[in-house]
Each structure stands twice: as structure tokens, then as C-alpha cells.
Engineer: 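Below you will find the structure I want to go over with you.
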Amino acid sequence: MFSFFEHSKKTSKNYSPEPLPKTIKSSLSDNLALLKQKTGKSPDIIIRSLKIGNQPKVKAAVVYVSGIVDTQTINEFLIEVLINYKEKPGNEAGQELIEKIAEEVVSVGSIKTETEWSSLFESLLSGNALIFIDGAAKALTAGTKGGEKRAIQEPSTQSTVRGSREGFTESMETNMAMVRRIIKNPNLWIESIKIGNQTRTDVSIMYINGSAESAVIEEVKKRLKKIKIDSILESGYIEQLIEDQTMSPFPTLYYTERPDIVAGNLLEGRVAVFINGTPFTLLAPAVFVQFFQASDDYYTRFDIATATRFLRAFIFLISLLGPATFVAAITYHHEMIPTTLLIVIAAQRESVPFPAIFEALIMEVTFEILREAGLRLPKAIGSTVSIVGGLVVGQAAVQAGIVSPTMLIIVAITAIASFATPSFAVAISARLLRFAFMICAASLGFYGIMLALFMMVAHLCSLRSFGIPYMAPFAPFMPGNLGDTLVRIPWWSMKKKTQLMNHKNIQESKNKKSQSLKT
Amino acid sequence: MKHKRSFFAFILISLTVVSGCWDKREMNELAFVSAFAVDLNEEGKYVGTFQIINPGNVAGGLQGGGGQNASITVYSAAGDNLLETEGHVSMKVSRDLYYAHTNLIIISEKVASEKGITELFDLFERAREFRTTTNVVLTRNSSAEEMLSVLTEKDKIPAEQIVNNLKGAEESQGEYQKITIDNVINSLITSGNEPLISAFSIKGEPKKGTKMENIQASQPEVRMEPNGLGVFKNGKLIDWLEGETARGTLWATDKVQATSLNITWKNKKDAIAYQVVRQKTKIAAQLKKDRPKISISVRAEGRIAEVSVSSDLTNPHTLAAIEKEVAKEIKEEIEKAIYHAQINKSDTFGFGDAIHRSHPDKWKKIKSEWNNEYFPSSDIEVKVEAFIRRTGLRTNSYLSDLEQ
Amino acid sequence: MKILWIAALLLGLLLSYAVGLNYVLGFNLNKSLAKTMNPFRVMEIAEFIVFLVLIFFLFLNPVRTFFKKEKK
Amino acid sequence: MEKAQINLYQLFVLLVLFELSTILAPLGIAAKQAAWLSILIGMIGGLVLFLVYYRLYCYYPDVMPTEYMQILLGRFLGSVLAFLYILYFLYLAARVLRNFGEMLLILAYPVTPLFILNAGLVVVTVYTVRKGIEVLARTGELFAIVIFFLAASSLLLIVLTGLIKVTNLQPMMEVGMGKILETAFSETLMIPFGELIVFTMIFPYVNVNHSKKLRKAGLMAIGFSGIVLAFTMAINISVMGVSIVSRSPFPLLSTIRSIEIAGFLERLDVYFMMVLIIGGFFKFSIILYGAATGTADLFKIKETSRLIYPLGFIVLMFSLAMASSYPEHTYKILHSDAVLFTTSIPFLVVIPIMLLVIAFFKNR
């Protein structure tokens, strides 16, 4: 992807369009001509010429981009009122007229006078309407953002049994409003910047002033400002550009499309990053246990929530180590399997032609193929694929004697386990590492698994997310913060909010990659 | 420096890929040995017999079910030591012999009485695959090879059936005990304790037992049954203990788990059956002027299981009298066993060990002469208390109504 | 490079300690030397490759920094 | 010196993991049934030694031992001594590595070459240690939880199975007090407790406002692990009998192997293996880290992390060269007076005490 954009940039260098003049002129026709030229006469740029006032009529134009504006507002509150503006302009030159229109005539929420082309273009392209009046070296921008948007729907990635059904949409304003509606606190602050030379994507950070540690806020802002890239198409871009360590299979930023999760995390002192055009919002800093928490945990009673969380930890271990342990046990450590079970497995493996590791790899890869195939198909066909793949192929493979039934069971359990982790981001890294573990298991048995596990844990312990140790509060051990990790203690015993984001825990951290990716 | 991490990943991968899986063994390269038997042939060489599981015939399942073919195959070969017999057998078997699931070691009567078992166990203890919790049994009146070749009907693996039989006998009869390699070695090396190993014998014609027809019949002609406890002295089998003597020995060594005793009541022999639920034996040893004095105290707890004369079991005095009778019975058994052992001059009770514990200094002096001199002449005092806790679903027997 | 020299020095001293210890335990000098070296005598191909890979990484870093300095 | 800090709890955890890695060996079995007693006596000696190391640290809380040796003994003599200590640490690391590899080999990988098993541990250790003491400490915290669960569950299983026969622990004083003391001072004092001298390299990193707290943490860790070790040994002997324990290189393995519950919870060798690998990993990493920081400090190398791979490599080489067979290896560690008097006693006992005396007079 990046190379593609780099490429396009190189070609644009040769073409090098004329630089934009700084300020607008007072002649309407000149301004419109420039507009047309700069936009390449794109048909979605609508220029509505009109005449306003009475004796002499003054030429004016309303310019907007169709589709991203609220047409009704433009029609009713701009064009209609302008055309109906019949007062005598008298001696007023365009300059004064434009002030008057801004103050007395146009009835939209936000209106500004601008003189610079660059900001006019930016405003135009983000959905505002421009009003030019002949004779005025100024233009008005009227807030008319609008257009077709997806309605608020139930989030599709993090559905819950209990809890709000609202999910974020692609519009950043809507999303921020949803959070505002939950946290009615003036300390909920938002700061906004635009990132991407071409896309000029709106990115906002949101935090609760006083709750969030200023060091983290500053770090987030610093890293966002450092980004130099042509385009931001999704939150993933930002995530990869601001995370601490890029060479890691584990996510160090949390993403969600649920307003309640964002609100909860803001209250804990995290910083949210909203990106326009995607329903996914980033939360920083993230710790490892966070990826095993679902919003249901907080809505159900504590005992059930705790039990579920232990189950999830177990599930994660299965999805990471399941096939590896099985392969190690049946190729290296036969003595550790109870005799009866061993005989059952041995009987099944009598006729299997492949070594255990190969058998496991075949089945795991088959499963990954099925998953990938089912993912992008229409839902109706997707289920067919999984039935055909899972049931028919599995059954046939066993009957043909290519794989043993036990292996199929192990792979199936692992597959299901990898879907049971609440966060997709960490489930997929477990899925990737599973193969590494399997190879280690095949070459050195349990010792290999343990070695790989040590490497993984050491790596996890070395990660930091915006200065917070990734494995906190287990390593470093912070007993006061254990209330909301693997266990969730009852609400009435949570005396104070978690101190994880405390400045004591934050260390200067290195974010090597964000500067280096300059385009 | 920038790519250091990927280099380390590369090292690990190359390590794993190159390192070529030295200890890797696929399951279908292994022959699981379920039992191992030691015999002696005419030339005085060891004969090792290996019972190897055929998993497909045991597990059934998709392969069309076991039962058609024998669930085990037996191989045997001679050699100067045990490892050599294994070497000879492995030429006949297409797979690696694998011992981690060996559950039973059978020592033939001949080996035990002629060569002794002292030198047998080093391999079992040293080899990684053998587990020291493997059971040890003796054969009686048959060779170990024959014993291993008999097919069994309940547990498809004969070794399993022998172990389970023994376990059942231990838990209900009180005349047998399960003994593991660990225990045997420990009692071989401590001079004040001799091993007691349960024996099995074959009922019926051994040759027939190797055929599938035997186990397809409702009344298999050939069976294996526990039969006595082997008594050792200096590592050699010298005697068998059976019935009450065997049980008396186990009483004294705190090995009885459950058993039933019959006592004489109202002049009727074996009139009341007393079922022991649990018992506790304590051995205390003292040395008085180099003369060992051992006191054994046994406490047993149980219930009345069967009555064949009418008696008033609701009366506590009757129960107390029965308790006394039971205690007497147990005491007699123990004394009989001790008398027997003293004649054999073999301390199967671990009395010597008890003296070792209480008088470690003096023990060093008498250690060598313990079995022959001190043990036969030691003073042994047996104290038994038996308690009846309950009498089952009925109080008095219907026989008491019959009499009226 | 300095690091490699230090490592070589340390390894040399350690090995001489091993030889010396064998000597103190009553083996003669030849036997002591042989005893120190014989764990490396029976090596499989795969093992040897791993050995080479490890040595390769030992030299990789110093050599690379050396060339970097040259370039500058 | 690396810019890093660990807290007291992390120090405690590292100390305990370091000590507990010897849990597998037949510690002090020369004292027969009183092995646990000799461990406890060794532990008391270990506490005294720790206090010596700690006093030295109190005099120079911010510098490495390699540096304060130079302050105390003069530049040349101090450097030589520091260099010798680095060699000693490397020797120690190699010994731990060798033990580790041999155990693994005997336990589960009879055909795999020792070199491969050792190299596996070295690679992973180097990877971790390069990330610094903080990451090592954090990894330790996580695995301490694992160890705790393993220990608790296996103890529960052993007790539930009714394997413990207290009579096996009698007669307690079979060998006499003299032998027990000798075992304590020649074996148990040196092997798990004296080796703590490596931690003098780590003390300067401990973030502590009051040095007494460090003493408290250290004493608690040593006391705790000493008691655990003694208890484990007592359990081993009471399960297996003294004879089997004294003849087996890893009595704990046999103990764990004898667990059989309900025909399913048996064959728990993997427990043993996990303890072995976790213990071996941390002991080895800590010593390697100590050696690396020491070398970096002595030779004025700025990046400690660059030293770790070369040091790991020479330790790997030396671990193979140090003995040609496992019995020879254990003989050299445990029974040879040459090692005891040339390395263990001077490096762990005599020199620290001497340094302390000098420091005392210098800082009066």
C-alpha cells in the first residue's frame, strides 16, 4: 500500500501543478475560474451563480461539493435567503455586503469569513459551502456538512449479550457525540488535527482532563504530529504509526467500535483517538489483560465475570499451545499420556501416513483456509463453506485415514478457542504464534515449547504501550490494580479507580518507527 | 543493530529446523511393552519375555473393533542379562520397544528361587523409560513366559488384568499386596526388611490360554489367579505364605486394607463374619540388653457382615464380646505369621527397620546377624483391638425369630 | 572488536581453568587437555551447523560495525 | 551501568527463583535423613553471607562490585580481583547450564546432543537478558506465579496420594552432627546460598529509598527459599526413602513420578520439566547478566547488551568443556576439594569478608 502511494507521489512531482495563489481576488469571475481550474471541472463541485440585492444586483456564487453537504440546508438557508435578499445594496461595496450577509442573512450554525485559498479549499472539501460575492476579496464558509451517512447500528465486531446496542459509525462527529452523551463532564476534552497530505483526515484525541496523565496525552499528540504520510484510510494506519514497538505480533493499542468501552477507558485515564471515516476508535495506552476483557464483564455480576475471564485466559492458552502440546506429547513424551489414552491414540495413528507435526500443520492450514474463505463471502455462503469444510472435509479426511480423529478434535477445539478471545487483534497474534509453537514442539518437544514460551513472555514483558508496561499489573506486579484483571472484584469493593495510568508507571518509551516513515 | 531481533528469530528457527529432532518418535514407530517377564532357561541364562500391545486390536473404534485378533503379541529371547534379551527381541519386532507404559514385571519362580532377584532391578531403576511404580509379581507353578501369553477376557491387556486382579485381591482379601519396583528395592537394601511379593498361577492348560477361543467362551478354561505371597531371604525365594499366614503378615505390616474374618460364636465355627473397613498397625521396637523387643499394636474398625447363628446384636455387651473374639482371631493370625517367619529366619515385617529407626547406633552392630540370630529370638508382643461400628441394614438376624 | 578480544580472553582463561582442574584431580597434562576437548569430538552434522551458525552470529556484529566505520 | 531500576518485590522474586532452581538436586544428601537439617544450617550460613554482601553494598550503594573492589584494593589489584570474579561468574553460569542440559538429557532427551539443548537455553536467555534487568525481573514475576501454582498443586497431590511416610525420615541423626555440619558448610552453604554473590551485581539497580528494606527483602527471600528447599528434601526422603534419594540425580522427579491419583492424575513428569526449565532459565540469566554488567563495567563498554551474546557463547562452549561426563561434573562440584578450596570458599566467603573488613576500616 505504502509503496503505491509513494509511487504516485513521485509521478506527481514531475507534473507539479501551479502553486495556489495565496488570497482570493475581488473579482468573482476570476475566483470561479480558479476554482474550476483547480478542481479540474469535477462535476460534483457545484457552482450556483446568483444575483442578490436590488438595483444594482450584485453577482454572487454559492459553491459546494454535492454529496457531502446537507442539500436541504444549502437550498433553504443559503440560496433561498440570498435570492430573496432584496435590500438595496446602495453604495455598499462587496466588502461590506459580505459582512452584512454573514451577520444578517444567512441562517446556518457556523459561518466564517476567509481570505486564503488554502483554507477555503479545505473547508469546501470537508463539506462546507462557500459564498463568493463579486467585489469582495473575502469569502464566506457556511457549515453545511452533511450528506448520506450510515445510521447508528449495533456493532458487528464486539457484540454483547447485555449492554448498549450502539456502535460507532464512520462519522467522527457522531462518534464523539455518542461518547459525550455518556460522559456529561466538561472535563471531557477533545483536540483535533488533520493527518495525511492527500486525505486530510480528521483525527481527534479525546480524554478526560485531570483523569488522563498529561504525559500520555502529550506523547499521543507528539506521535500524531510526527506522522508524515499521504493518506489515512483507516484507524489501522494510525495504530501502526504510533504504536511503541513495530516488530511485535501483539497489539499495543486497543481498538473498539463500542462507545461504552471508550467511555469506560476514558474514565480509567486512557486517551481515545477518533479517526474520521472508520467506526474503529483507538485507545491508548493498552495493556495485555485489556484484550481479554469484554464489556459484558462489567455488566454481569462479579463472580460470573471472574469465572469468564479465567475461562478466557485458559482459552487463549489453548489457542496458543493446543496443537503444539499435543504434537509434543505424541512424538516426544509418550510416557506422560495415561496408558489407556495412549493406546486409543496409537490405534488411531496406526494407519495415518504422516508424521504428527505434518498432520497437525495440514489440519491447521486447512482450517485457516476455511476461515479466510468464509470471512469475505456473503453470509449465506459463508456458513455453507464452514459446514462443507468443517464437517465434510474433516469427516472425509478421517475416514480416508489421512488424519487421526484425535488430531481433528484438537484442531477443532483450537479453532473454536481462537474465536473465543474477545479481541480479534490478540486472537490473530495467537493464531500466528501457534504455528511457531508447533514447529518448536516438533523439533524439541516440551522443551521447545517452553523455550518459545520464554521468548514470548520476555518479549511481552519488554513491551510498553505509551510508557505503561504491557504486562502490568502482573509484571511489574501491582497488587492494588489486580481488581480488574483476571478477576473482577465487585463494584462495591472497588474503592478507587485503577492506578495503572499513574505517572509512576510511565517511563520514557521509544517509538522508533513513527519518524522513520516519512514520505 | 536494527535487525538484531530478526536475527535472533532466525537463530531459533535455524536451531529448530536444523536440529533434526533427535528424540522424536512417532507413535507408529513404537511397540508399547505392557509387561516384561524374566525366566531362567536350562543353560542358566535369563529369558526375557515381552508382552507388546497391538493398539488397533485393543482400542477398537473405527478400525472395525477389536476382539477378532489377539490384543497382544508376546516375544521372548534369552540373554546373559536383561538388556541383552531386549536386544534379541527387538530384532524380531519391527518397532522400537517402549517401556514407559510397562505396568507389570513378572519374575518366574525359578529365577526367584535359584538366582535370586537381587541383581535384577538395576536396569528398571536406571532406565529412564521404566517407572519405578511398576508392579512386580511372581509366578507360581508356571513359567513367566506362559503367564504373559495367556489372553484375558475383561481387560484386553493381560498385564492390566493381572494388576487389577491383584489390586482387587489386595483391597478385599487382605492376603495379597501390590508391590512396586521402588518397594522391592527399598526392602532389598534395608537389612531389617525382606520383600513380600504376590504370586500368580495359571489355572488350566497354559497353551490353550493363548488362543482367542479361550476368551470367547463364557467360562474361559484358562485363567490367572493370585496365589500366595513369596517370602524372600537374601534375595532368594524361600517360602510361600498363604491364607491366614499371609494375612497375619500383612496385618503386622499395616498393609491390610479390607478383609473379612470369621469367628466362632456360640460354639459354631465361622458363625459371624466380620468385615474390616480400615486398620492401623504400629510397630514399636526396643532393645533390652541386645535382645530386641517388638510390640505390635493393631486397631481394626469394621462391621458385621454375615451372621449364621442367632444372637442379640442390639446388645452392646454382645458386640463387645464379638469384638474381643475378633481381636483374638487377628492376634492368632499375626502370631502364626510371626512364628512362621521366625522359623524361616526372614524378617518380612520390617522389625529390623524399626530397630534401626529407634536405635541407629546399636543397629549397626546387630545388622548382619539380624535375620539369623536376633530376629528368630526376639520377643514379640501383639496387641489387637477390634471395633464393630455398625451391623448393616438389619440389627438381629432373622435366625433369631426362627428360633423363637 | 574489543568485545571479541575480551570474550576470547575469558574463554581462554576458563578453558585453562578446566584443564588445570583436571590436572589437579590427578590426570596428566595430555589427558587433561584431551578431557577438555573431547565433548566436541563427537558431533553430528546438524549439531555442527548450529555451532557454525552461532559462531557466525558472534562475528556478524563486530564485522558489520567495522565496515560501517570504514565507510564513514 | 545500564539505566534501569527494579523494585524490592522483583528482587525478592529473582532471589527466590535463583535459589529454588536447586530444588531438583539431591541437596545435602550426604547427611542422609538429616539432609533437610543440613539445608537449614546452610541457609543460616547463607543469611550471614548475605549480610556480608549487603554491608558491602551499604558502603557503596551506587556502584558495581567491580568498581568498589578497585576503590578498596587500589586500581590494579581491584581490577584483577574483579576480573577473577567475572571469570567465576562465567564458571558458575557454565555449571548451571551444564547441570540444566544434563538433567534435560537424562530426563527426556536421551539422544539429543547436549550442545543443542544448551544452545537452546543460551539463545533464549541471551534474547531475554539483552532486554535488560527490568525485563528479566518482570518475566520473573510472571513465572513466579507459575512456580507457585506448580508447587502448591504438586504438594497437594503428594499429600492426597498418601505417599508421605514419616518413618522414612527416621533415624534422623544417623550420620551424627559432625557430618551434618560438614555437609552444610561444604555443600549446601555453597551451592544454593553462597552463589547469591551474583546478586551484588544487581543490588545497585534496586530502587530503594532505605537500604534496610533491601536487607529485609533479601533475608526473607533466602529464609523462604531455604525452608522450601528443606521441606522439599524432607518430602523426597519421606516418599522415596533415603537410599533411593541418595542414588538418584533428581529425587524430585521420582517423587513426582510416584503420584498416582484416580488413574488419571499420574505421569506428571511435565511438572518437573517446567520447574527445571523455569529454574534453570532464571538462574542462568541472572548469572549471565551479572557477568555481563561486570565485564561492561570493568572494560568500560557502554552497551552491555552487545556483550551478552559473546558471553553466552563462551559459557556455552565452557559448559561442554568443563567436564567430559556428568558424574565427573557432579564430582567436580560436590566432592572435589580442589574446587571447594580454590573457587567456592575464597570467592564466596573469604574475599567478601576481607573486602568488608577493608571497607570497614576505610570508611570509619
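Naming: A, B, ... by sequence-line order, numbering from 1 per chain.
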Engineer: Would you call the rings of Phe454(A) and Phe143(D) parallel, tilted or perpendicular, where under 30° means parallel and over 60° means perpendicular?
Structural biologist: parallel
Engineer: Within the 4.5 Å heavy-atom criterion, are Val270(D) and His333(A) side-chain neighbours or not?
Structural biologist: no
Engineer: Give, as side chain, backbone, both or neither, the part of Leu104(D) having an atom under 4.5 angstrom from any heavy atom of chain A.
Structural biologist: side chain
Engineer: Return the minimal non-hydrogen interatomic distance between Ala458(A) and Thr139(D), and the atom names on each side.
Structural biologist: CA-OG1, 3.8 Å
Engineer: In Å and rounded to the nearest 0.5 Å, what is the CE to OH distance from Met336(A) to Tyr271(D)?
Structural biologist: 12.5 Å
Engineer: Give a yes or no on whether the backbone of Leu121(D) and the side-chain of Tyr447(A) come within a donor-acceptor separation of less than 3.5 Å.
Structural biologist: yes
Engineer: Where on Leu136(D) is there a heavy atom nearer than 4.5 Å to chain A: the side chain, the backbone, both, or neither?
Structural biologist: neither
Engineer: For Met450(A), is it the side chain, the backbone, both, or neither that has a heavy atom closer than 4.5 Å to a heavy atom of chain D?
Structural biologist: side chain
Engineer: Would you please name every residue forming a ring-ring contact (aromatic ring centres under 6.0 Å, His included) with Phe199(D), sequence neighbours left out?
Structural biologist: Phe18(D)
Engineer: Please flag which part of Leu117(D) lies under 4.5 Å from any non-hydrogen atom of chain A: side chain, backbone, both or neither.
Structural biologist: both
Engineer: List the atom of Phe474(A), the atom of Glu141(D), and the distance in Å for their closest heavy-atom pair.
Structural biologist: O-CB, 3.9 Å
Engineer: Give, as side chain, backbone, both or neither, the part of Phe282(D) having an atom under 4.5 angstrom from any heavy atom of chain A.
Structural biologist: side chain
Engineer: Thr485(A): what forms a side chain to side chain donor-acceptor pair (under 3.5 Å) with it, not counting sequence neighbours?
Structural biologist: none
